[in-house]
Participant: 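Supplied in C-alpha cells, the structure appears directly below.
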Amino acid sequence: NVHLLRERQKTTFDIEKLTQFIYSDYFEVDARRKLSRQAYDHPIHDTHLPLEYLDSNDYYETLVRKSIIATDEAEKLGISDSKHLMWYLGAFTEERVAFSLHLRMFVPTIVMMATDEQYQQYLELAKKFKIIGTYCQTELGHGSDLRRLETIAVFEHSSDSFIIDTPTITATKFWPGYLGRTANYVILMAQLYTNGKNCGLQPFLVQIRDFNTHEPLPGIEVGEISGRLAHEAGDNGYLRLTNVRIPRNQMLMRLANVDRNGNFTRLGDSRLVYATMLTMRVSLCAYNAILLARATTIAIRYSAVRYQGQNDKGNEMQILDYPLQQDKLFPCLATSYAFICSFSRLNQIYENVMASKPDEILQQLPDIHSLSAGLKAMTSSISERMSQICRLSCGGHGYLISSGLVGIRLILDAGCTYEGDNSVLLQQTAKYLLKM
Amino acid sequence: YQQCENGEELISPTVAYLKETATIFSPISNISNLEYYCKIFELRARRLIKDMYTKLLEIAASTSQSPYETFLENSIELVHIARCHMETFIIRSFYDKIKVTSDSSVQNILNQLFELFAVYTLLQNQTYDFVKFTILSADTIELLKKRYQQLCTKIRPNAVGLVDAFDFHDKELNSVLGQYDGDVYEALLERARLNPSNKTKIHPAWNNNLLSLMKE
C-alpha cells in the first residue's frame, strides 16, 4: 500500500535496532522469530476457515487438533526450553493452546511441589502428554480468599488413602481452564483433615477421567461452565467430587507430608504453594503489554491507510494526521513501550529472586508478589481501556472480529479479573507499601 | 515508611524513593530533563504514603479500631496510592531502560515516547495530587498540555515505524486492518466472502419462512 510505504520511508531510525533493543532480554527476538515462522509455515493452517466462522464445537476440535500437531512438531524440532515451547505452541494455535495450563501450571506445580518419587512417577507422563492436567483452585463461592476454600481431603487410616469431597454447592471447583472437556488429571487444592485436625490447604493429584474412554470416573461430575465473553477455547470447567478416594502418595508432599499413621509434618514454607501463581502473574504482565502493542499496531497502520474528510484544499485527509486521532493513539503507543520496559524490569527482579537461596526467596517474596500484583492490575486495566480506544479509532471496521481488535480487547477484559481481581491485587500492593 | 523514618535499610529498590529527601522543584526549567518526570512521580507517591502513614498512626492512637477495620475504611485511598506507586515503577523502569540505548536515533525517538507517556499519565486524572502537594502549578500543567501536543507532532512521522518495531507477523496480529502490506480493503472483502453465510446465494431461512409470506 502506497501510503504505508511512504510512512515507512519517513522513519528516522533503524527499525531493526529498536526491535532488538526493546526486546533485548526476555523476548530473544531472533529465536522468537525463527520459532514463530516455523509454526506459521505448517500446512494445517490452510485447512480450516478463520476461527471466527467456526461454531463452538468445531472451534474446540480445531484447536485440539492443532495443539496435538503442534506438540508433535515441537518434539520433532527438539524444542525443549519451556519459554521457547510456549512461543512455538502459541504461534501454531493462535495462542489458544489446548494444553497451555498443563504446561504453565500443572507441570511447574509438579516440579515445585512433588517429592522425588512423585516427580519420577508423574513428570515424564505429563511432559509426554500421557496425562493432561490443569490446576483446580477457585471454587464457585470462593475466589481470591483461599482460606475459605471448602473442598476437603480427609485421610482414612484403614485404606491409607484420602477421601476427597466437595461438600456444598459453593465448594464446586469452577473456572479452571481446560477442565471442561480436556483434562484427565487435576492438581486439586483442598483442606486437608487428618487425625481429626485441619492442616490447611494442600495440593492433591486427582485423576478425573478414564485414560481409554475419557469418561468421567465414578464420583466425578465435570463439564464446561456457561459461555464467556471471550475465551471460547479456554474450556473453563466445573468439577464436583463425591467421596473420591485417592492413594495417600497422591498428595504432593514436598512441602508437607502425611505419614502412614496420618501424622502431618510441615517440611517447607507454605507460601511456596503460591509460587506457581506468581510465575503466571509475571508472565501475564508481558502478555498484557504485547496485546496492547498489537492493538496499537493495528490501529496505527489502518489510520495510515484510511483517508476521510477533507482539508481546505478539498483533499481527503489521512486519518493519522488528525490531532484527535493522534490524541487517541499515541498515548497507546507510548504506553505499549512503557509496559514492555516495565515488564522487562519486573522479570529481571523475578529472576534474581528465584535464583536466590530458599530463605532469601521467602524474604523477597512480598516485594515481588506486591510488584507483580500491582503491575498485572495496571497493565490489564489500562491495556483493556486503551485497546477499546484503538478499536473505536478504527470506526465501524474496528467492530469486526476480523479486525483483531475485538478479540484483543476481550482477552484483556478477562485479564482484569482472572489470576486475581484487579482491586484485590492493588490492595495487596497497598498492604506491602504500608509495611514498607 | 517507618523503616525510612528510623534510617533503616530498605529491603527492596522498588521502594527506594521513600528515602529521597528532596522536595522542591522548579518545574518549568526542568521539563526537558527526563529524570525530572521520574522524580515528580516519586515525590507524589512518597507524599501520599507519608500522609497515609501519619493518618493511620493518628487513628491507631485515638481509636480502638482494628488494623483490618482501618484498612477497609481507607481502602479507596489505599488503592489510589497503590496505583500511584505502580505508575512510579512503570515510569522509572521505562526511563532506566531507555537511557542505556547506544544508538542516537533510537534514543531520540524513545525519549519522545517516554516523555509523551509521562505527560499523558500526568494529565490523565492524577493532576490533583500534584497540585495538592504543590509539585506542579496550574501554569506548569498548562505548559505540559502544550508539550503533549508538541510531542504528538514530533512522533507523528515515526508512528508506523514504531509499530513495525514491535515485529508482529501478520499471522500473529490476525487482523485485516493491521496487516503489514496495508491492503486493508482487499483483505476485508476477501474475509467477507469466506463467511459461511455466503456459501449459498439464497439462505435457507428465505425458502423456509419468508417465501410463503411473500406469496401470500
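On a predicted model such as this, the values are computed, not experimentally measured, just so you know. Residue numbers begin at 1 in each chain, while the letters A, B, ... track the order of the sequences. Only this structure's heavy atoms are used, side chains among them; waters, hydrogens and symmetry mates stay out.
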Participant: Between Phe41(B) and Phe130(B), is the ring centroid distance below 6.0 Å?
Facilitator: yes
Participant: Can you say whether Ser402(A) sits under 4.5 Å from chain B via the side chain, the backbone, both, or neither, judging by heavy atoms?
Facilitator: both
Participant: In terms of relative ring orientation, are Tyr17(B) and His85(B) parallel, tilted or perpendicular, with 30° and 60° separating the classes?
Facilitator: tilted
Participant: Is any NZ, NE, NH1 or NH2 atom of the basic residue among Glu115(B) and Lys154(B) found under 4.0 Å from an Asp or Glu carboxylate oxygen of the other?
Facilitator: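 Looking at Glu115(B) and Lys154(B), the cut-off is not met.
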Participant: So what's closer than 4.5 Å to chain B heavy atoms on Ser24(A): side chain, backbone, both or neither?
Facilitator: both
Participant: Tell me, side chain or backbone of Gln427(A) under 4.5 Å from chain B's heavy atoms, or both, or neither?
Facilitator: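 For Gln427(A), heavy atoms of backbone and side chain both lie under 4.5 Å from chain B.
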Participant: Less than 4.5 Å to any heavy atom of chain B: does that hold for the side chain of Ala304(A), its backbone, both, or neither?
Facilitator: side chain
Participant: Considering only heavy atoms, which portion of Leu5(A) lies under 4.5 Å from any heavy atom of chain B: side chain, backbone, both, or neither?
Facilitator: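 Neither part.
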Participant: Using non-hydrogen atoms and a 4.5 Å limit, figure out which bit of Ile408(A) sits close to chain B: side chain, backbone, both or neither.
Facilitator: neither
Participant: Is it the side chain or the backbone of Gln318(A) that comes within 4.5 Å of chain B heavy atoms, both, or neither?
Facilitator: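 The side chain, not the backbone.
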Participant: Using non-hydrogen atoms only, which part of Leu49(A) is less than 4.5 Å away from chain B: side chain, backbone, both, or neither?
Facilitator: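 For Leu49(A), side-chain heavy atoms alone lie under 4.5 Å from chain B.
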Participant: Given heavy-atom pairs under 4.5 angstrom as the criterion, report whether the side chain, backbone, both or neither of Arg306(A) touches chain B.
Facilitator: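 Arg306(A) touches chain B through backbone and side-chain heavy atoms alike.
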Participant: Can you tell me which portion of Val2(A) sits under 4.5 Å from chain B's heavy atoms? Options are side chain, backbone, both or neither.
Facilitator: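 Looking at Val2(A), nothing touches chain B.
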Participant: Look only at the side chain of Ser403(A) and the backbone of Tyr399(A), and say whether a donor-acceptor pair between them is shorter than 3.5 Å.
Facilitator: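 No, Ser403(A) side chain to Tyr399(A) backbone: no donor-acceptor pair under 3.5 Å.
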Participant: Is it the case that the side chain of Glu77(B) and the backbone of Asn74(B) share a donor-acceptor pair, with hydrogens and angles ignored and the cut-off at 3.5 Å?
Facilitator: no
Participant: Decide if the gap between the ring center of His42(A) and the ring center of Phe92(A) is smaller than 6.0 angstrom.
Facilitator: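 They qualify: ring centres under 6.0 Å apart.
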Participant: For Lys132(B), enumerate each residue passing the salt bridge (Lys or Arg N to Asp or Glu O under 4.0 Å) test, keeping only those at least two apart in sequence or located in another chain.
Facilitator: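 Not a single residue meets the salt bridge (Lys or Arg N to Asp or Glu O under 4.0 Å) criterion with Lys132(B).
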Participant: Report which part of Pro323(A) has an atom under 4.5 Å of a heavy atom belonging to chain B: side chain, backbone, both, or neither.
Facilitator: neither
Participant: Please classify the contact of Glu16(A) with chain B as side chain, backbone, both or neither, using a heavy-atom distance under 4.5 Å.
Facilitator: neither
Participant: Heavy-atom cut-off 4.5 Å, strictly under: side chain, backbone, both or neither for Ile382(A) against chain B?
Facilitator: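 For Ile382(A), there is no contact with chain B at all, as no heavy atom is under 4.5 Å.
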Participant: Taking ring pair (Phe, Tyr, Trp, His ring centres under 6.0 Å) as the definition, give me every residue that meets it alongside Phe166(B), ordered by chain and number, with sequence neighbours left out.
Facilitator: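 Only Tyr337(A), Phe168(B) meet the ring pair (Phe, Tyr, Trp, His ring centres under 6.0 Å) criterion with Phe166(B).
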